[in-house]
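Numbers for residues simply follow the sequence, beginning at 1.
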Amino acid sequence: MVATATPQQMITFEQTVQPNGQACRIWEPPVLLPDAPLIIVSHQYTGNEQIAPSAAGYTYAVITACIAEGWRVAASNMHANSWGNPTAVNDNVDLYSMMNTRQAVPKVLMWGQSMGGLASALAVPDGRIPVVGVALIDAVTNLAKAYGPSAGFADFSGTIKTAYGIASDGSDYAAKTAGSDPNLLAASAFTSKRWRFYQSTSDTTQVEKATNADAFRTKIAAAPESGMVTHRGGHLANYCTHPADFVAFAKRCFA
C-alpha cells in the first residue's frame, strides 16, 4: 500500500510487510539511483515502524533530508518493545534483505532512537547488515541500566523481562540477555564503524546520559569517529536531531 503522509510530514511512504511478517514502512526518493544507500530506523519504546507522532518533528525532518540526498529509509516494527533482543536484530536483518532484494544495498546506516539504540548498535557485531555507521538519538546502549535504574529514572524491568523471557524473579537475567547489552561487549566489536550521538543533557527520567552515551563513547574511543551533539530538551525532544548534521555524518559514512 502506498500512502501519503500528513501535511506536517510532507513525504510519502509505503506501508507494507516484511517476509517474516513484521510491519514495515519504507521511504524512497522519487527516482531511485543505482547503489543508493539505506538508512534503517529502529524505533523507541512504545513506538513502531510508523514512528510515533511525538517524534515526528525531528524524525520526518531527517527523513526528508535523507530522501533529498537520494537515500532510502526503512523501519521495522521489530516485534514492538523488543529491547534489542535477538528477534529485533533479526527483524532488521530481514528488512535489510527485503530492501536488498528490491535493489542492491551496498551500505547501511543504522539509526536508533531511545530503546532502538540497542538493535541499531547490535547490528554492528552481528555482521549480517553492511553497516558503515550508526546514529543514536537519546539511545539506550546500557541494557542493564534500563533494567535496574537508579532512583528517579524509569523502571523498564517488566517490559525487558517480557522481551527476553526472563523469569519473574530475574534470576536468569544474565543468561537470557547474554550478548545483547552493547555496554558489556568488547569495544573491538564496535570500533570499525563511525558513530554519532544526539543526546539530551536534561533527560532526568528515561535514558541517563552518563551511563549510556557517555559510557559507550568512552568504550569506542578508538572508532574512526564518535562525536556527540547535545540538546537541552527532554527525551526525544522535537529538535534533538539536526538534519544537516545527520546528513553530513551519513555522507562521511557513505563515502
Side-chain angles (χ1 to χ4, degrees), residues 1-5 9 11-52 55-56 59-60 62-137 139 163 179-180 193-194 246-247 250-251 253-254:
M1 178 182 70
V2 178
T4 302
Q9 297 164 0
I11 54 175
T12 59
F13 57 80
E14 177 187 355
Q15 183 71 30
T16 186
V17 178
Q18 299 170 215
N20 72 350
Q22 282 300 288
C24 66
R25 183 164 288 193
I26 299 165
W27 299 262
E28 291 190 309
V31 178
L32 188 56
L33 301 176
D35 297 326
L38 172 66
I39 298 165
I40 294 179
V41 187
S42 297
H43 66 76
Q44 70 273 34
Y45 175 67
T46 72
N48 56 36
E49 80 289 349
Q50 300 174 26
I51 310 302
T59 301
Y60 282 94
V62 173
I63 292 175
T64 300
C66 292
I67 296 302
E69 294 292 332
W71 304 333
R72 311 162 76 190
V73 183
S76 171
N77 184 48
M78 295 193 310
H79 284 80
N81 298 324
S82 44
W83 288 98
N85 65 15
T87 298
V89 175
N90 288 339
D91 288 337
N92 278 339
V93 172
D94 187 72
L95 178 60
Y96 157 72
S97 298
M98 183 184 79
M99 297 298 290
N100 191 56
T101 297
R102 293 184 172 198
Q103 177 176 298
V105 178
K107 298 177 181 179
V108 177
L109 173 65
M110 303 300 295
W111 168 7
Q113 301 178 171
S114 192
M115 178 196 76
L118 292 164
S120 293
L122 291 168
V124 175
D126 179 74
R128 289 177 289 170
I129 298 175
V131 177
V132 292
V134 183
L136 298 176
I137 303 173
S180 294
K193 313 301 178 185
R194 294 182 179 274
F246 189 101
V247 167
K251 286 183 176 179
C253 293
F254 295 149

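- The CG atom of L109 sits 12.0 Å away from the NZ atom of K193 when rounded to the nearest 0.5 Å.
- Looking only at side-chain heavy atoms (C-beta outward), P130 and P106 stay at 4.5 Å or farther from each other.
- Taking 4.5 Å as the limit, some side-chain heavy atom of Q15 sits within range of a side-chain heavy atom of Q50.
- The heavy-atom pair separating Q103 from L33 by the smallest distance is NE2-O, 2.8 Å.
- Residues M99 and I40 are not in side-chain contact: their nearest non-hydrogen atoms beyond the backbone lie 4.5 Å or more apart.
- The NZ atom of K107 lies 11.0 Å from the CH2 atom of W71; values are rounded to the nearest 0.5 Å.
- Heavy atoms only, all atoms of each residue included: E49 and A75 are closest at CB-O, 3.3 Å.
- Looking at every heavy atom in both residues, V73 comes nearest to C66 through CG2-CB, 4.0 Å.
- Proximity of I63 to F13: side-chain heavy atoms (C-beta onward) are nowhere separated by under 4.5 Å.
- Atom CG of D35 sits about 12.5 Å away from atom CZ of F254, to the nearest 0.5 Å.
- Put simply, the side chain of R102 reaches to within 4.5 Å of the side chain of I26, judged on heavy atoms.
- Between W83 atom CH2 and M78 atom CE the span is 11.0 Å, to the nearest 0.5 Å.
- Interatomic distance, SG of C253 versus CZ of R194, reported as 6.5 Å (0.5 Å rounding).
- In this structure, W111 and F246 have tilted ring planes: the angle between them lies in the 30° to 60° band.
- Tested against D91 for a side chain to side chain donor-acceptor pair (under 3.5 Å), the candidates N85, N20, N77 yield a single pass: N20.
- Annotation: side chain of R128 is in contact with side chain of N90 (closest heavy-atom distance under 4.5 Å).
- Within the 4.5 Å cutoff, side-chain heavy atoms of N92 are placed close to those of S42.
- Nearest heavy-atom pair across L122 and G84 is CD1-O, 3.3 Å.
- Atom CG of L38 and atom CD of E28 lie 8.5 Å apart (nearest 0.5 Å).
- Remark: the N48 side chain and the R25 side chain contain no N/O donor-acceptor pair separated by less than 3.5 Å.
- In this structure, P19 and D94 approach most closely via the heavy-atom pair CD-OD2, 3.3 Å.
- Q113 contributes no side-chain N or O that, together with a main-chain N or O of V41, makes up a donor-acceptor pair within less than 3.5 Å.
- When all heavy atoms of S82 and A88 are compared, the pair lying nearest together is OG-CB, 3.2 Å.
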